[in-house]
Amino acid sequence: MPRVRFAPSPTGFLHVGSARTFIFNWLYARRNKGTMILRLDDTDAERNTQASVDSIFEGLKWLNLSWDEEYKQSERIDLHRKTAWAIFEKGFAYRDFTPAHSGDAEKSGAQGTWLFNPGAREMSRAESDRRAGAGEPFALRFRVPREAGETVRFTDAVYGEQVKLAADIEDFALLRSDGMPTYHLASCADDADLRISHIIRGQDHLSNTFKHVLIFEAAGSTPPQFAHLPLLVAPDGTKLSKRRHGPVVSVTTYRDAGFLSDAFINFLCLLGWSPKNDRENMSVQELTDAFSLEGINRSNAVVNFKEPATTPEETFDPKAVWLNAEHIRALPVEGLSRRLLPVVRVAGFDVSEEKMLRITPLIRERIKLLSDVLTAADFLFVDQLPPYDPAELIPQKGDTTMARKVLEKAREVLAGVEFKHDPLDQALRAAAQELGVKAGQMFQPIRVAVCGRKNAPPLFETLEVLGKESTLARIDQAVRKIA
RNA sequence: GGCGCUAUCGUCUAGGGGUUAGGACGGAAGAUUCUCAAUCUUCAAACCCGGGUUCGAUUCCCGGUAGCGCUACCA
């Protein structure tokens, strides 16, 4: 039974890259009847915030993918320390009394690889104990093997055999001088304790994995299986970041823009993974059935939004939008209607469930995002149509006279017809023939009178939903406009 | 600087020693329709460069280049 975990550190909102990592872990767990674990990696007290924890849960809740166990790393610090000291007792770590130094100074000065503080590494245990006993602060560092030719190796399910010279790995810290565990230690100690079988995470951890293997082995545990995921990058090729790229990297931005969570999941899965059979539009169940680590590829994937996104359209990858439209069309009317209703109500329109249910089929094939309902069906939500240009009422190859003639005839015919598709169809076509105009010339002025614009859902269905009273009132208004 | 990873249409990808290098999004054109959509058809669009290996490399190997990642007492 595989045990996998998603371990975000709560230092910001839920990132689309993190969401994808969560999804891949979830898919792997569900596919293989394993256990999905959520672990908050919150050992960095400086940067962690409750707001971030909330926003991560908010994002995960929207994805609607559940987990089986939940942990907080900050509640497990005793375990981390115990692990660190066990490593120390075995001689795989040493105290480093060198004062903490700034990483920037290190970077600008060093030309080669920084490996360790020679004095500290070779200090005798007696002296180390004495100075620690005297209360001198220290960090605990891993004693990376320095024998010539020594290597660290592991097999990555995505990137294959990985080998690195131990000589290229620095003596990284396990405990900070305040006694708090570092990420590497806490993460490995927890993964071992929670019996994680597969670590599926971002490729940015690929090089860190050598350190992790060292920790697992020093702690006497067998390292889990690793699978690193290619990174999600912006069109400029850089890693997605809040600072550089703004809200497009936040999961809630997709939710608020009217994405269906299943479509969003579908989109993310297609970035760096392929079912290899040309399938693209897939449900969560289909994704689960098709998922395997073998389908994951090795190169970074671009989330193709327009860099300075000016319109909502440009904010998202066109493929994400297309998939969302596909998922919307695949939803039964009731399901779609149920999701549309809150969008409409939040926008301030008072629409009943029954009415929404009747509107939904009219716009289902015309919206890409749930929020498009506001522009696609606006005229059905209000009593008073917003102002429009009377010139719009003039049909193709027609003039004001024709427009008036058509509208007056429509008003007369519609007053006496049942507001159902077929009767409306017959009556209006007959009226067009009577007037000697083309069907399109007949329908267009009515459409504009009723919808306030030329592009709208099919006329008869629209009239049926709008009802006789409103239809006649709007036609009257239109007639007055061109009088 | 050191170490590592990667490289197929604009983007996501399939493929793999001999293929018309396939699909999807987006783009263009057309069909259809009461407009808009949806749908259907068609078109343009790619194997980073250089060396090997081989009868033959886009595919395998090496090098280069580029991009990305790691190189903290951040995660």
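Since we're looking at a predicted model, the values are computed, not measured. As a basis for the values below, the full set of heavy atoms in this structure was taken, side chains included, without hydrogen atoms, waters or symmetry mates. To find a chain, count down the sequence lines: A is the first, B the second, and so on, and within it residues start at 1.
For A/Arg141, counting side-chain heavy atoms from C-beta on, the closest listed nucleotide (B/C70, B/A38, B/C73) is B/C73. Listed nucleotides B/A38, B/C74, B/G69 differ in distance to A/Asp44; the shortest reach to its side chain belongs to B/C74. Across B/G2, B/C12, B/C34, the shortest atom-to-atom separation from the side chain of A/Val302 is found for B/C12. Here B/U11 is the nucleotide among B/U11, B/G2, B/C74 with the atom lying nearest to any side-chain atom of A/Asp317. Each of B/C73, B/A7, B/C34 was ranked by its minimum atom distance to the side chain of A/Ser299; first place goes to B/A7. Comparing B/A14, B/C34, B/C73 by their nearest atom to the side chain of A/Glu461 picks out B/C34.
Two residues, A/Thr43 and A/Leu206, neighbour RNA chain B, and the one matched to the more 5' nucleotide by heavy-atom proximity is A/Leu206. Place A/Pro137 and A/Thr238 on RNA chain B by their nearest nucleotides, and A/Thr238 ends up nearer the 5' end.
A/Leu231 comes within 4.0 angstrom of the backbone, heavy atoms only, and of no base. Residue A/Lys276 is classed as a sugar-phosphate contact, given heavy-atom separations below 4.0 Å to backbone atoms only. Across all strands, A/Pro457 comes closer than 4.0 Å to base atoms (heavy-atom distances). Here A/Glu326 lies in heavy-atom contact (under 4.0 Å) with sugar-phosphate atoms only. Within 4.0 Å of A/Ala301, counting heavy atoms only, lie sugar-phosphate atoms of the nucleic acid but no base atom. Residue contacts shown for A/Ser274 are limited to sugar-phosphate atoms, with no base heavy atom under 4.0 Å away. Among the atoms of the strands shown, base atoms are found under 4.0 Å from some heavy atom of A/Phe460. Within the 4.0 angstrom heavy-atom criterion, base atoms lie near A/Asn208. Residue A/Glu280 is in base contact, counting any heavy-atom pair closer than 4.0 Å across all strands shown. A/Arg453 comes within 4.0 angstrom of no nucleic acid atom, judged by non-hydrogen atoms across all strands. Within the 4.0 angstrom heavy-atom criterion, no nucleotide atom of any strand lies near A/Gln441. Within the nucleic acid shown, A/Asn281 has no heavy atom closer than 4.0 Å to any nucleic acid atom. Counting any heavy atom pair closer than 4.0 Å across all strands shown, A/Gly272 reaches sugar-phosphate atoms only and no base atom. Heavy atoms of A/Lys438 sit nowhere under 4.0 angstrom from any nucleic acid atom.
For A/Arg141 and A/Tyr94, the positive end is not near the middle of the six-membered ring at less than 6.0 Å and at most 45° from its axis. For the pair A/Arg39 and A/Phe6, the cation-pi criterion (under 6.0 Å, within 45° of the ring axis) is not fulfilled.
Across all strands shown, B/C43 forms a Watson-Crick or G-U wobble pair, both distances under 3.5 Å, with B/G27. Across all strands shown, B/A72 remains unpaired; no Watson-Crick or G-U wobble contact has both distances below 3.5 Å. B/U20 makes up no base pair with any nucleotide shown, lacking Watson-Crick or G-U wobble contacts both under 3.5 Å. In this structure, B/A38 makes no Watson-Crick or G-U wobble pair, since no nucleotide meets both defining distances under 3.5 angstrom. Base pairing annotation: B/A57 forms no Watson-Crick or G-U wobble pair, as no partner gives both donor-acceptor distances under 3.5 Å. The partner of B/A7, taking Watson-Crick or G-U wobble pairs whose two distances both stay under 3.5 Å, is B/U65.
Between the side chain of A/Arg298 and the base of B/C5, no donor-acceptor pair under 3.5 Å is found. Side-chain to base pairing of A/Ser207 with B/C70: no donor and acceptor N or O lie closer than 3.5 Å to each other. Residue A/Lys319 places a side-chain atom within donor-acceptor reach of the base of B/A24, judged by atom type and a 3.5 Å distance cut-off alone.
Separating the CG atom of A/Asn304 from the P atom of B/C9 is a distance of 13 Å, rounded to the nearest angstrom. Rounded to a whole Å, the CH2 atom of A/Trp322 is 11 Å from the C1' atom of B/G26. Spacing between atom CG of A/Leu175 and atom P of B/C74 amounts to 11 Å, rounded to whole angstrom units. In this structure, A/Ile328 atom CD1 and B/A37 atom C1' are separated by 13 Å, rounded to whole Å. The interatomic distance linking A/Leu270 (CG) with B/G26 (P) rounds to 14 Å, in whole Å. When the P atom of B/G4 is taken as reference, atom OH of A/Tyr159 falls 16 Å away, rounded to whole Å. Taking atom NE2 of A/His327 as the reference point, atom C1' of B/A38 lies 17 Å away to the nearest angstrom. Atoms CG (A/Leu323) and P (B/U13) sit 13 Å apart, rounded to a whole Å.
The ring of A/Tyr159 has its center no closer than 6.0 angstrom to the ring center of A/Phe226. The six-membered or imidazole ring of A/Tyr183 lies away from that of A/His80, with a centre-to-centre distance of 6.0 Å or more. Annotation: A/Phe305 is not in aromatic contact with A/Phe316 [ring centroid separation under 6.0 Å not met]. Taking the six-membered ring for Trp and the full ring otherwise, A/His184 and A/His212 have centroids separated by under 6.0 Å. Aromatic ring centres of A/Phe210 and A/Phe154: separated by under 6.0 Å.
Side chains of A/Asp262 and A/His327: a donor-acceptor N/O pair is absent below 3.5 angstrom, by distance only. Residues A/Gln444 and A/Arg447 bring a donor and an acceptor atom of their side chains to less than 3.5 Å of each other. A donor-acceptor pair shorter than 3.5 Å can be found between the side chains of A/Arg201 and A/Thr209.
Comparing the C1' positions of B/U33 and B/C68 gives an interatomic distance of 49 Å, to the nearest angstrom. Atom name P, nucleotides B/C62 and B/C40: the rounded distance is 45 Å, in whole Å. Comparing B/A28 with B/C60, their P atoms are spaced 37 Å from each other, to the whole Å. Nucleotides B/A21 and B/C48 place their P atoms 15 Å apart, quoted to the nearest Å. When the C1' atom is used for both B/U13 and B/C9, the distance is 11 Å, rounded to whole Å. Comparing the P positions of B/U35 and B/G30 gives a spacing of 16 Å, expressed to the nearest Å. Only the P atoms considered, B/C47 is 16 Å distant from B/A7, to the nearest whole Å. The gap from the C1' atom of B/G4 to that of B/U11 amounts to 27 Å, rounded to the nearest Å.
OP1 or OP2 of B/U13 lies within a sub-4.0 Å distance of a side-chain N or O belonging to A/Asn297. One finds a side-chain N or O of A/Arg429 lying less than 4.0 angstrom from the OP1 or OP2 phosphate oxygen of B/C34.
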